[in-house]
Amino acid sequence: MTAASNVKHTASRAAESKPLELLARGGFIGYGIIHLLFAWIALQVAMGGSGQDSDQSGALQTIAQQPFGKTMLIIIAVGLIAMAIWQAFEAAIGESGPQDRRAMAERILSGARTVLYGYLAWNAIKVVQDAGSSMGDSNASSASGLMGSEGGRWLVGLIGLVVLGVGIGMAIYGYKKKFTRHLNTQQMPAGSRQTIIRLGMAGYTAKGIAYAIAGLLVVTAAVSYDPDKARGLDAALKTLAGYSWGGWLLALIAAGIAAFGVYCFAQAKYRKI
């Protein structure tokens, strides 16, 4: 067995660790809670009643303000770290079977999820330490710094196009039910299987729309040299709320994000890990 094969075999065994699986499944519950609170904040923005950060960092800050909230954040952070480690292994070794284009695409997606889960865990820890700035502030600050450098506006614009593409891809991913290949659908009760799938479809589509709008705003920020528009999901949702018709669309997006939160609870039990 070659050194590369040894490394892959060791990584594969680590990825199949039962404690890691249990922690990752717990992480999905925390991830679901974050999205439910995110949806609630987005709904308040739609109704014109909240100036809170309408993104995942706002949800984390909301948790921290509750009794035993920081303890809950630590538990959520541990679960998110476990999810990040699990997805890092998935990105490194891929699925069993032929390593075709679809398998390579899944490995790239696993790498992106690793970054996302790790970033959320890092933000949760920062909130626990009372040192967390909002994701929106961080995004705006980073964009401002990039725009001050040569070629920085082009890079910010490129990032915006990538986020736009991710949003469109996420919506298509949900609409075409591609997420079902990661679920143990045969283990689901027949009466709830379609409900879980519909929750996933609504959730991925809503998140995709939100990310697509965020990407467009980042591109606009680069064109107009306005870093405040590069605040990510917070700017996207609050921009929608500023239109006469935007409140209704934002309320629908909030409902979809809530659906994704409930779908995450289903993933805690039925996700292939």
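Because the structure is predicted, anything quoted here is derived from the model rather than measured. Heavy-atom basis, side chains included; hydrogens, waters and symmetry copies ignored.
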Establish whether Leu252 and Met170 are linked, either directly or via other cluster members, by ILVMFWY side-chain heavy-atom contacts under 4.5 Å.
no
What is the distance from atom CD1 of Ile125 to atom CG of Leu120, rounded to the nearest 0.5 Å?
11.0 Å
Let me confirm one number: the CZ-CD distance from Arg193 to Gln187, rounded to the nearest 0.5 Å.
10.5 Å
What heavy-atom pair brings Gly203 and Ala259 nearest, and what distance separates the two atoms?
N-CB, 4.4 Å
Mutual orientation of the aromatic rings belonging to Trp86 and Phe28 [parallel < 30°, tilted 30-60°, perpendicular > 60°]:
perpendicular
Side chain of Gln66, backbone of Thr62: donor and acceptor closer than 3.5 Å?
yes
Using side-chain hydrogen bond (donor to acceptor under 3.5 Å, both in side chains) as the criterion, list what pairs up with Ser110, not counting sequence neighbours.
Gln87
Are Phe265 and Tyr204 joined in one hydrophobic group, where the rule is that I, L, V, M, F, W and Y side chains link up if heavy atoms are under 4.5 Å apart?
yes
Between CZ of Arg271 and CZ of Arg25, what distance do you get to the nearest 0.5 Å?
9.0 Å
With hydrophobic residues grouped by side-chain heavy-atom distances under 4.5 Å, do Val128 and Ile75 end up in a single group?
no
Note: Ala121 and Ile81 closest approach over all heavy atoms is CB-CG1, 3.7 Å
Which heavy atom in Ala258 sits nearest to a heavy atom in Ala39, and how many Å separate them?
N-CB, 3.5 Å
Just how far is it from atom CG of Leu23 to atom CD1 of Ile85, taken to the nearest 0.5 Å?
8.5 Å
Is there a path of hydrophobic side-chain contacts, each under 4.5 Å between heavy atoms, that joins Ile172 and Tyr175?
no
Rounded distance (nearest 0.5 Å) linking atom CD1 of Ile257 with atom CG of Leu250
8.0 Å
Spacing of Lys272 atom NZ and Thr185 atom OG1 [to the nearest 0.5 Å]:
7.0 Å
Taking Met83 as the starting point, is it possible to reach Ile74 by hopping between hydrophobic residues whose side chains are less than 4.5 Å apart?
yes
Considering all heavy atoms, the nearest Leu60-Val127 contact
O-CG1, 4.0 Å
Flag side-chain contact, heavy atom, 4.5 Å: Ile168 against Tyr211:
no
Is any side-chain heavy atom of Tyr31 closer than 4.5 Å to one of Tyr263?
no
Val219 and Leu161 have their tightest heavy-atom pair at CG2-N, 3.7 Å
Among side-chain atoms of Gln267 and His182, is any donor-acceptor pair under 3.5 angstrom?
no
I'd like to know whether Leu199 forms a side-chain contact (heavy atoms from CB on, under 4.5 Å) with Val262, so could you lay out the CA-CA distance, the side-chain angles of the two residues, the decisive distance to 0.1 Å, and finally the verdict.
CA-CA 7 Å; Leu199 286 169; Val262 178; 3.7 Å; yes
Under-4.0 Å salt bridge between Arg113 and Glu90
no
With under 30° as parallel and over 60° as perpendicular, where do the rings of Phe38 and His35 fit, or are they tilted in between?
tilted
Under 6.0 Å from the CE atom of Met188, do we count more than 12 heavy atoms belonging to anything else shown?
yes
What are the two closest non-hydrogen atoms of Ile29 and Ala268, and how far apart are they?
CG1-CB, 3.8 Å
